[in-house]
Each structure stands twice: as structure tokens, then as C-alpha cells.
Amino acid sequence: MNTPLSDVVLLKLPGREPEQFVMIGRNELFPTLAPGQPASREQWIAHFGQLLQQPPLSEAGVREALLRRGLSSREIDDQLETARRKYGVMTSQPTSWEHTTRIGSRNPDGQEIVRKTDVGGPAGQRIYVLRCTVCGHQYADYGFDADIRRCPVCQDGPRALPIPPDA
């Protein structure tokens, strides 16, 4: 499965029955104070809290919104599955940015952080090199997804980014 990175991040909201979600544009996730100057951790947390205050969507609302963005039914199912998996990871144990992107950290699907690169991506994201502990494949991805990443070779995970050279 080689699906392009969606321009939105779908998050399941806690404590809601029936389940509800928020859809956040990837370009909104990581604010900057000035061009090229990332916000502090405290500013990012406050910003993220504001993003979560938008009106929640039901699963039907999510499906409708993503269809309008041109996603296929399969891609919408993948978005919902990813949101539910992220929620499961976030609620199963205490999580922090340092934990999920620490060298040697391993997610539930066996994807291990090998190294942090000096290469950034859109909206201030850092690129990490990961290794699948199942098949040994190494690939790159943004740290934001490290906790739910699946191997693109043996676990039908999304297409990986090119591995940046060592600095």
C-alpha cells in the first residue's frame, strides 16, 4: 500500500459515546513564532489544545468531509483505523514526545527508532530513521507518526520517506 501522506490528521476524542473525532490540517499542527523559528513546547501544547476545541465530528461526518477532500473509501477507512490505533496507544500507557521518538524506542508494531536526523519536514516536523524488528527494513518517517507506524515492506504500512544521509 503506497498512499500519499494525507493533508489532515484525524484524532479520536476521549470519553465520547458515540465516538467523535477532530480533523486537523497538518499545516496547522506545528506553529512558528516567525518564519523558520519553531514555537516552544509550551506554546505548541497550548496551540494543540485550541485545535482540539473545534466542533467534533461523528464517523459519518468524518467520512463525508474526507470524501469531499477526494479520499477513497479505503483511504477513509485507513484514516479512521489510524485515529483509533493512535488513541489506543495514547490511552494504554503514559506517552510523551521524548518517549516515542527516543532512540531505541519501539512501538507496538515493532518499529524501532534508529536515529534522529537533522532534516526537517513540513511545519517543523523532524525526520527519524526507523527499523522494522520483524523484517529488518530501515526507512524514514516523521516523528509524529512513530508511535503508530507499520513497516511499508512486511506490515502494509504507508510509503516511507527517503532516508536522509548522516550529517
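Residue numbers start at 1 and run along the sequence shown.
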Does any non-hydrogen side-chain atom of [Y] lie less than 4.5 Å from one of [X]?
X	Y	result
Leu67	Ile76	yes
Leu71	Gln79	yes
Cys154	Cys132	yes
Leu52	Leu11	yes
Leu10	Leu80	yes
Ser58	Pro18	no

What I want to find out is whether [X] reaches [Y] closely enough, with some N-O distance under 4.0 Å, to be called a salt bridge.
X	Y	answer
Arg150	Asp78	no
Glu59	Arg84	yes
Arg159	Asp141	no
Lys86	Asp145	yes
Arg69	Asp7	yes

Could you walk me through whether Leu57 and Arg63 pass the side-chain contact (heavy atoms from CB on, under 4.5 Å) check? CA-CA 9 Å; Leu57 297 169; Arg63 289 184 181 282; over 6 Å; no
Is a side-chain donor or acceptor of [X] paired with a backbone partner of [Y] at a separation under 3.5 angstrom?
X	Y	answer
Gln53	Gln50	no
Thr133	Gly110	yes
Glu64	Gly61	no

For the residue pair [X] and [Y], what are the closest heavy atoms and their distance?
X	Y	value
Tyr142	Tyr128	C-CD1, 4.5 Å
Arg149	Ala160	NH2-CA, 3.3 Å
Ala146	Asn107	O-ND2, 2.9 Å
Ala140	Leu130	C-CD1, 4.5 Å
Val22	Pro56	CG1-CA, 4.4 Å

From the options Gln138, Glu112, His137, select the one residue that forms a side chain to side chain donor-acceptor pair (under 3.5 Å) with Arg131.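 That would be Glu112; it is the only one of Gln138, Glu112, His137 passing the side chain to side chain donor-acceptor pair (under 3.5 Å) with Arg131.
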Consider only side-chain heavy atoms of I, L, V, M, F, W and Y, link residues closer than 4.5 Å, and tell whether Phe144 and Leu51 are in one cluster.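 Yes, Phe144 connects to Leu51 through the hydrophobic network.
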Same hydrophobic cluster for Ile127 and Ile163, using side-chain heavy-atom links shorter than 4.5 Å among ILVMFWY? no
Quick one: [atom1] on [X] to [atom2] on [Y], what's the gap to the nearest 0.5 Å?
X	Y	atom1	atom2	result
Ile103	Thr101	CD1	OG1	8.0 Å
Thr117	Arg126	OG1	CZ	6.0 Å
Ile148	Glu81	CD1	CD	9.5 Å
Glu75	Thr82	CD	OG1	11.5 Å

Check step by step if side-chain contact (heavy atoms from CB on, under 4.5 Å) holds for Ile24 and Gln54. CA-CA 9 Å; Ile24 301 171; Gln54 63 182 300; 3.5 Å; yes
Stepwise side-chain contact (heavy atoms from CB on, under 4.5 Å) check, Val134 with Gln155: CA-CA 9 Å; Val134 176; Gln155 296 174 332; 3.8 Å; yes
No-hydrogen, no-angle side-chain donor-acceptor test under 3.5 Å, Gln111 and Tyr139: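 The criterion, which ignores hydrogens and geometry beyond distance, is satisfied for Tyr139 and Gln111.
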Could I get the full list of ring pair (Phe, Tyr, Trp, His ring centres under 6.0 Å) partners for Phe21, not counting sequence neighbours?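 Ring pair (Phe, Tyr, Trp, His ring centres under 6.0 Å) list for Phe21, sorted by chain: empty.
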